[in-house]
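Here, residue 1 is the first one in the sequence, and each next residue gets the next number.
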Amino acid sequence: MDVLVLIGRLLFVGLFAASAVAHLTKTQQMAGYAASRGVPLAVPATIVSGLVLLLGAVSVAVGLWADIGALALAAFSFSVALLMHGFWKESDPQAKQMEQTQFLKDTALGGAALVMFAFFAYACHDLGLMVTGPALSIS
């Protein structure tokens, strides 16, 4: 069971880790897109979100307070869904469909991260292959 949880953690954070690298190495391009979507202070927001992604992904991957890492990834996902993929603002049908797909992807990832948060906070002490137990505990 421990190995399956580890494999699942690694597969789950792959997208977040790749996105963190893009935020931190292609900051100007990513910030330009964020600014076009109305995000204020796009460059600092891109850097901060890249750091949140990186820390959350590493936390979940290695099991270092993985509950907090999963919660950070959930907060990021829900924020991005609302701020970056407002499909309800689009008038072009293709753009609306694309933004709705991205919105649903981000809300699904956020939901999965919430499930991981609850899982880690509840069962983490019983899991192997973790650096630490949970920072929070759900009984």
Separation between [atom1] of [X] and [atom2] of [Y], rounded to the nearest 0.5 Å:
X	Y	atom1	atom2	result
F78	L109	CZ	CG	9.5 Å
S49	L24	OG	CG	8.0 Å
D106	H85	CG	NE2	4.5 Å
T46	Q28	OG1	CD	8.5 Å
I7	D2	CD1	CG	11.0 Å
T101	Q97	OG1	CD	4.5 Å

Measure from the side-chain N and O atoms of S77 to the backbone N and O of T107, and report whether any donor-acceptor pair falls under 3.5 Å.
no
Check for a donor-acceptor pair, side chain of S19 on one end and backbone N or O of F16 on the other, with a separation under 3.5 Å.
no
Give the cluster check for [X] versus [Y]: same hydrophobic cluster or not, with ILVMFWY residues linked at side-chain heavy-atom distances below 4.5 Å.
X	Y	result
L104	F87	yes
L15	L73	yes
L55	M30	no
V3	F12	no
V58	L51	yes

Within a strict 4.5 Å, meaning less than it, do heavy atoms of the [X] and [Y] side chains meet?
X	Y	answer
M116	R9	yes
V131	W65	no
V60	F120	yes
I47	T27	yes
M98	Q102	yes
R37	K89	no
D67	L71	no
L136	I68	yes

Check [X] against [Y] and note the closest heavy-atom contact, atom names and distance.
X	Y	result
G50	H23	CA-CB, 3.5 Å
V52	A72	CG1-O, 4.0 Å
A17	A57	N-CB, 4.1 Å
F103	A81	CD1-O, 3.2 Å
A61	V13	CB-CG2, 3.9 Å
E90	A95	OE1-CB, 3.5 Å

